[in-house]
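Counting starts at 1 for both ligands and their atoms, in listed order.
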Amino acid sequence: MLDNPYPAMRQSIIDGAPDTASELARQAVTAQLAPLDAINNGYVLGMHDVGEQFARGQMFLPDMMASAEAMRAAMSVLEPELKKLGAERPSAGTVILGTTKGDIHEIGKTLVGTLLTAHGFSVHDLGVDVPAEEFVVKARDLHADIVGVSALLTTTMRNQRGVIESLERAGLRFQVKVMVGGAPVTRAWAHEIGADGYAKDAMSAVALARELMESKIRANQNASLEPA
Ligand code: HCB
């Protein structure tokens, strides 16, 4: 493996080169490099470069798709390594995860799911383009603790509010915490729509999910101490 493999990992995403991306990931696994370091210091930086070049008109949709393919290739090598970390632990909580309706960006949402799994959460990934009602049905059926809603487009962010409103209408809001994320999402937006928290990346999502579980457990304990 290269002394510093991160620039090559980053470049493999910019180049939209799945074979190189997965080969570098395999080398990283063999060299026992922490998978999350490879993701955060290499591949994700490449994704950010791609986004910037696309915004400047220096890259086009097919390039962005090739980059996403390269990212998927790297993740297919690294994800099983990350998930191993969470195997055989008692569940830290049940999380329903999905990208909101109208939005097909999946890489960030999937990474959040992988890291939550790696940290002991039971994650049910609904995929992309998920209608609000589907979040609600799954949350009810699985007695979810947390619903995580991803949105990468300014036009689909408002559907995060729709998920919260649907949970309210179904009478589930008091028992399900909602966390939101995605490139255009901010803490202020999360606050405005009444979400319980915002996470800027996958590791922060794990920390947030733990906090939300603690506050849920505290609320349940307080409720059971109240006189009947
Ligand atoms: Co897409 N796209 N895209 N895209 N895309 C973005 C998002 C732009 C910002 C690029 C740009 O203009 N600079 C832009 C959105 C502009 C806007 O609305 N403000 C954009 C656009 C415009 C579009 C199309 C409309 C282009 C077109 O068709 N003309 C189109 C929309 C399709 C649709 O969804 N209906 C489109 C399509 C695509 C693909 C298909 C080519 C591809 C996605 C492939 C796939 O996911 N299978 C794609 C990609 C790859 C991107 C960029 C380059 C990268 C996204 C990514 O994977 N980032 C992106 C540029 C960018 O975001 N800077 C660009 C890496 C991951 C790791 O980060 O932010 O997704 P993340 O997730 C983080 C974080 O947000 C947080 O944790 C994650 C992990 O660290 N998080 C959560 C995410 N969800 C969370 C949920 C939680 O509960 C908690 C935390």
request  = Taking only heavy atoms of M47 into account, list the atoms of ligand 1 that are under 4.0 Å away from them.
outcome  = 50 (C), 53 (C), 54 (C), 56 (C), 57 (O), 58 (N), 65 (C)

key: Minimum heavy-atom distance between V77 and P80, given as atom pair plus value   = O-CD, 3.4 Å

query = Looking only at heavy atoms, what is the nearest atom pair of G46 and I14, with distance?
reply = O-CG1, 4.1 Å

ask   = Does one side chain, of S166 or R169, offer a donor that lies under 3.5 Å from an acceptor on the other?
value = yes

ask   = Tell me, which protein residue and heavy-atom name are nearest atom 18 (O) of ligand 1, and how many Å apart are they?
value = T154 N, 2.9 Å

query = Tell me: protein heavy atom nearest atom 90 (C) of ligand 1, and distance?
reply = A199 O, 3.4 Å

Heavy atom of the protein closest to atom 47 (N) of ligand 1 (residue, atom name, distance) = E106 OE2, 3.2 Å

ask   = At the 4.0 Å heavy-atom cut-off, does G182 count as touching ligand 1?
value = yes

message = Is it the case that the side chains of E106 and T99 hold a donor-acceptor pair, with the cut-off being a distance below 3.5 Å and no angle test?
response = no

key: Taking every non-hydrogen atom, the tightest pair across S150 and Q160   = C-NE2, 3.8 Å

task = Check the pair K138, D125 against salt bridge (charged side-chain N to carboxylate O under 4.0 Å, His left out), reporting the backbone distance first and the verdict last.
result = CA-CA 10 Å; K138 259 298 191 262; D125 189 337; over 6 Å; no

task = Ignoring hydrogens, just give me the one of S150, G98, G148, A183 whose non-hydrogen atom is nearest atom 84 (N) of ligand 1.
result = S150

Proximal atoms of ligand 1 relative to M65 (non-hydrogen, under 4.0 Å) = 41 (C)

request  = Check the surroundings of atom CD in Q58: do more than 12 heavy atoms from other residues, nucleotides or ligands lie under 6.0 Å from it?
outcome  = yes

ask   = So which protein heavy atom does atom 15 (C) of ligand 1 come closest to, and at what separation?
value = L153 CD2, 3.5 Å

task = Identify the protein heavy atom lying closest to atom 13 (N) of ligand 1, giving its residue, its atom name and the separation to 0.1 Å.
result = G51 O, 3.0 Å

ask   = Is ligand 1 under 4.0 Å from a heavy atom in the side chain of V180, in the backbone, in both, or in neither?
value = backbone

contact_flag M203 ligand 1 heavy-atom lt 4.0 Å = no

ask   = Short check: is a protein heavy atom less than 4.0 Å from atom 21 (C) of ligand 1?
value = yes

ask   = For R187, does the CZ atom have more than 12 heavy-atom neighbours from other residues, nucleotides or ligands under 6.0 Å away?
value = no

key: Side-chain H-bond candidate by donor/acceptor type, S12 with D15, under 3.5 Å   = no

task = With heavy atoms under 4.0 Å as the rule, classify the contact between V149 and ligand 1 as side chain, backbone, both or neither.
result = backbone

request  = Could you name the option among G46, A209, G108, A68 that has the heavy atom nearest to atom 72 (O) of ligand 1?
outcome  = G108

request  = Would you mind finding which of V206, V95, T156, L61 brings a heavy atom closest to atom 28 (O) of ligand 1?
outcome  = L61

query = Could you state the interatomic distance from CD (E79) to NZ (K83), rounded to the nearest 0.5 Å?
reply = 5.5 Å

ask   = Of all the atoms in ligand 1, which lie at a distance below 4.0 Å from a heavy atom belonging to V112?
value = 77 (O), 78 (C), 81 (N), 82 (C), 90 (C)

query = Which bit of R72 gets closer than 4.0 Å to ligand 1, counting heavy atoms only: side chain, backbone, both or neither?
reply = side chain

query = What protein heavy atom is closest to atom 34 (O) of ligand 1, reported as residue, atom name and distance in Å?
reply = I104 N, 2.7 Å

query = Would a 4.0 Å cut-off, counted as strictly less than, catch a protein heavy atom around atom 8 (C) of ligand 1?
reply = no

Shortest protein heavy-atom distance from atom 80 (O) of ligand 1, along with the residue and atom involved = A202 N, 3.0 Å

inquiry  = With a 4.0 Å cut-off on N to O distance, would you call D145 and K177 a salt bridge?
reply    = no

request  = Enumerate the atoms of ligand 1 whose separation from the nearest heavy atom of G102 is less than 4.0 angstrom.
outcome  = 33 (C), 34 (O), 35 (N)

request  = Return yes when S67 approaches ligand 1 closer than 4.0 angstrom through a heavy atom, no otherwise.
outcome  = no

request  = For D103, counting its heavy atoms only, list the atoms of ligand 1 lying under 4.0 Å from any of them.
outcome  = 34 (O)

Nearest heavy-atom neighbours spanning N41 and Y6 = O-CB, 3.4 Å

note = atom 88 (O) of ligand 1 has as its nearest protein heavy atom M179 O, 3.2 Å

key: Donor on one side chain, acceptor on other, T94 and S122, under 3.5 Å   = no

key: Per-atom contacts of ligand 1 with I107, taking only distances under 4.0 Å to non-hydrogen atoms   = 46 (O), 57 (O)

task = For the pair R161 and E192, find out whether any cationic side-chain nitrogen is under 4.0 Å from an anionic carboxylate oxygen.
result = yes

request  = Would you name the heavy atoms of A139 and L167 that are closest together and state the gap between them?
outcome  = CB-CD2, 4.3 Å

remark   = atom 5 (N) of ligand 1: of H105, M157, K109, M71, the nearest heavy atom sits on H105

